[in-house]
Amino acid sequence: MGAFDESKTKMNILIKNRNILQTTYIPDQLPHRENEVKNIVEIITPSLYKHKPSNILITGKTGTGKTAVLNYIGKELKKEDPSEENCSFLYVNCEIVDNPYGMLFNISNQIIKDQSNKIPFTGWSLDRVYDTLINSIDKENKIFIIVLDEIDRILQKNGDDIFYFLTTMNEKLKNSKVSIIGVTNNTKFTELLTSKIRSRLGEEKVVFPPYNPEQLQDILRKRAELAFEPGVVEEGVIPYCAAVSAQDSGDARKALDLLRVSAEKAERRGDSIVTEAHVKEAINAIEKDTVQEVIRTLPSQSKIILRSIIENHEKKDTSVITGDVYSLYKEICKGLNISPKSEKRVADLISELDMLGIIHARVKSFGRQGRTREIELNINKDIIEFVMKDELFEPLSKYKPPKQTKLL
DNA sequence: TGTCCACTGGAAGGGAGGGCTT
DNA sequence: AAGCCCTCCCTTCCAGTGGACA
């Protein structure tokens with residue numbers, strides 16, 4: 001008897017080609033993004049003739065196909081110019097490298113092939129990195145199209161100096177030229193830029209509208225045809241996945257995830273077709289998993305703050321405010337033998353929890369009682385349990401589950 | 001009508017930790 | 001080894017504020 005035997009007999013392989021349902025998969029066609037592709041292609045075509053295309057600013061919510069479209073265009077561009085004699089297409093995800101040094105480092109090392117000349121990942125001054133980058137770009141004597149995905153990330157933390165660098169680069173280049181494609185899901189992104197940089201970065205603008213339910217269905221169908229044998233997915237499943245995702249966000253990535261997880265649920269149960277019941281199961285599982293994952297990976301300080309918020313809610317009926325959270329936070333720290341951070345820091349971390357969607361923190365004035373944040377929990381009982389059971393809190397006395405918890 | 005609370009939100013700066021340069 | 005540089009995390013400082021209450 002091998003360890004896998006039982007699971008193997010129960011398992012019923014439904015997904016013929018798992019790859020296709022992964023979010024990293026780049027399809028050969030991008031349904032309902034024909035206009036956007038055409039639009040961008042027209043703008044960057046001059047690069048094939050070694051002319052600098054305009055910079056482009058692309059906006060659109062998550063899961064509207066921005067990244068997929070750009071990957072696709074990158075591949076197609078390479079087909080037109082296989083040796084990259086006239087133009088190169090570079091992609092940088094600013095969510096992963098969200099500081100100026102990292103960004104320049106990343107761009108440079110896609111250009112500099114010679115190992116010995118590579119820029120170290122830290123240690124140099126920005127000026128030096130910048131100069132080296134300009135030199136190596138100019139040496140290539142061609143057009144560089146640099147895609148900066150999630151470009152708002154870098155702005156948030158660092159201001160727009162780096163974009164000044166990038167957009168004035170061309171003035172220093174003699175042989176090569178650079179054009180920037182900025183990608184963001186933040187529609188207010190441009191408002192945060194100084195006007196000079198705004199006009200430079202947004203010479204052309206392309207907006208990706210969210211998919212409507214029919215379009216999502218279409219996308220899912222196309223993928224499902226490739227991923228499953230005919231008949232495996234029950235009739236209503238795809239419209240259902242599409243409807244749920246469209247209502248939620250119009251996010252194709254989520255819709256795809258939902259379909260994949262649903263199929264996996266069916267597989268694990270040993271069922272031979274994927275049904276709407278599996279989708280329902282998947283919706284819950286995904287929701288729970290993502291929240292738990294967010295919480296699990298929270299830094300200790302944030303976990304303590306979250307615990308403080310939870311306990312405050314358990315023992316009070318009135319609104320929980322920053323001050324309450326901070327004083328209990330300090331006590332918990334004491335119990336754990338961790339030195340507490342400043343009030344300001346804790347207030348900032350509360351804002352972060354808010355942004356993650358774990359809590360709702362709204363600024364509210366209580367008149368004579370001052371002006372502060374009113375904090376609500378945005379997680380259910382299961383997740384609260386999950387937080388309280390975190391191993392970080394093991395040194396504290398056992399946690400007794402609340403009789404009743406106020407929930408949203 | 002003005003006061004005044006309990007913060008908020010922004011700025012500035014320190015210092016630890018990474019690593020290069022001379 | 002000493003001196004730089006960049007980033008991250010954090011502290012300190014401070015002006016600003018919505019609205020209940022006197």
Side-chain angles (χ1 to χ4, degrees), chain A residues 92-109 112 114-136 148 150-166 186 188 191-194 297-306 308-309 312-313 316-334 336-356 358-376 392:
Chain A
V92 179
N93 189 334
C94 303
E95 194 177 14
I96 299 164
V97 280
D98 61 356
N99 54 311
Y101 192 104
M103 203 171 97
L104 295 180
F105 165 78
N106 198 305
I107 296 169
S108 309
N109 287 345
I112 305 172
D114 181 1
Q115 280 297 329
S116 56
N117 289 331
K118 289 219 168 183
I119 292 170
F121 83 94
T122 174
W124 282 11
S125 72
L126 274 177
D127 281 346
R128 185 169 171 195
V129 177
Y130 183 58
D131 288 343
T132 313
L133 177 59
I134 287 189
N135 280 333
S136 43
L148 302 175
E150 314 268 335
I151 194 174
D152 45 312
R153 280 312 188 90
I154 211 155
L155 181 79
Q156 265 173 28
K157 303 176 71 175
N158 307 283
D160 59 7
D161 287 0
I162 185 69
F163 301 129
Y164 183 78
F165 261 168
L166 287 174
N186 181 356
K188 291 192 188 128
E191 291 169 24
L192 305 171
L193 296 168
T194 52
T297 52
L298 238 35
S300 315
Q301 291 296 338
S302 301
K303 285 183 186 170
I304 300 172
I305 293 166
L306 187 53
S308 166
I309 295 169
N312 263 296
H313 270 288
K316 306 182 60 174
D317 284 336
T318 55
S319 344
V320 173
I321 61 167
T322 306
D324 301 336
V325 174
Y326 188 66
S327 39
L328 185 51
Y329 157 85
K330 274 198 295 191
E331 294 207 1
I332 300 174
C333 281
K334 211 166 158 198
L336 293 172
N337 207 10
I338 290 175
S339 52
K341 303 294 172 202
S342 68
E343 257 185 286
K344 169 66 177 168
R345 182 68 188 144
V346 170
D348 285 346
L349 289 174
I350 290 174
S351 300
E352 273 177 35
L353 289 176
D354 182 41
M355 286 202 291
L356 288 171
I358 299 170
I359 60 172
H360 283 308
R362 282 186 308 172
V363 178
K364 186 179 170 188
S365 176
F366 294 86
R368 266 281 157 85
Q369 270 74 254
R371 187 169 169 271
T372 175
R373 282 205 196 86
E374 190 180 32
I375 301 163
E376 297 282 341
L392 173 69

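Just so we're on the same page: letters track the sequence lines, and every chain starts at 1.
The distance between atom CD1 of A:Ile119 and atom P of C:dC5, rounded to the nearest whole Å, is 17 Å. The distance from atom CG of A:Asp348 to atom P of C:dC8 is 16 Å, rounded to the nearest whole Å. Per the geometry, CG belonging to A:Leu349 stands 12 Å off P belonging to B:dT8, to the nearest Å. Rounded to an integer number of Å, the gap from A:Asn99 CG to C:dC6 P is 11 Å. Put simply, CG on A:Asp161 is 17 Å from P on C:dC5, counting in whole angstrom units. At whole-Å resolution of the value, CG in A:Leu104 and P in C:dT7 are 9 Å apart. Atom CG in A:Asp354 sits about 12 Å away from atom P in B:dT8, given to the nearest Å. Taking atom CZ of A:Arg362 as the reference point, atom C1' of B:dC7 lies 17 Å away to the nearest angstrom.
Scanning both residues, A:Ile154 and A:Pro100, for their nearest heavy atoms gives CD1-N, 4.3 Å. The shortest non-hydrogen separation linking A:Cys94 to A:Arg153 is O-CB, 3.7 Å. Closest approach of A:Ser302 and A:Leu353 over heavy atoms only: O-CD1, 4.1 Å. Heavy atoms only, all atoms of each residue included: A:Leu298 and A:Lys303 are closest at O-CE, 3.3 Å.
Closest approach to the A:Val363 side chain among C:dC8, C:dT7, B:dT8 is made by B:dT8 (side chain taken as heavy atoms from C-beta onward). Comparing atom distances between the A:Arg345 side chain and each of C:dT7, C:dC10, B:dC7 picks out C:dC10 as nearest.
Evaluated for a side chain to side chain contact (heavy atoms under 4.5 Å, CB included) with A:Val325, the options A:Thr372, A:Leu306, A:Ile350, A:Leu349 yield exactly one hit, A:Ile350. Remark: of the listed residues A:Arg373, A:Arg362, A:Glu374, A:His313, A:Glu374 is the sole one forming a side chain to side chain donor-acceptor pair (under 3.5 Å) with A:Ser319. Each of A:Phe165, A:Phe105, A:Tyr101 was scored for a ring-ring contact (aromatic ring centres under 6.0 Å, His included) with A:Tyr130, with one residue passing: A:Phe165.
Surrounding NZ of A:Lys334 are at most 12 heavy atoms belonging to other residues, nucleotides or ligands under 6.0 Å away.
Among the atoms of the strands shown, none is found under 4.0 Å from any heavy atom of A:Asp324.
Distances shown here put every side-chain N or O of A:Ser125 at or beyond 4.0 Å from the OP1 or OP2 atom of C:dC5. The phosphate of B:dT8 (OP1 or OP2) has a side-chain N or O of A:Arg373 nearer than 4.0 angstrom.
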Item to complete: Would you give a per-nucleotide map of nucleotides 16-22 of chain C, 5' to 3', where B means the base has a protein non-hydrogen atom under 4.0 Å away, S means only the sugar-phosphate does, and - means neither?
Response: BBBBBB-
Worksheet, complete the sentence: Counting primed atoms, P, OP1 and OP2 as sugar-phosphate and everything else as base, the B/S/- map of nucleotides 11-22 of chain B against protein heavy atoms under 4.0 Å is -------BBSS-
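Take A:Asn117 and apply the side-chain hydrogen bond (donor to acceptor under 3.5 Å, both in side chains) test, not counting sequence neighbours, and it matches A:Asp114.
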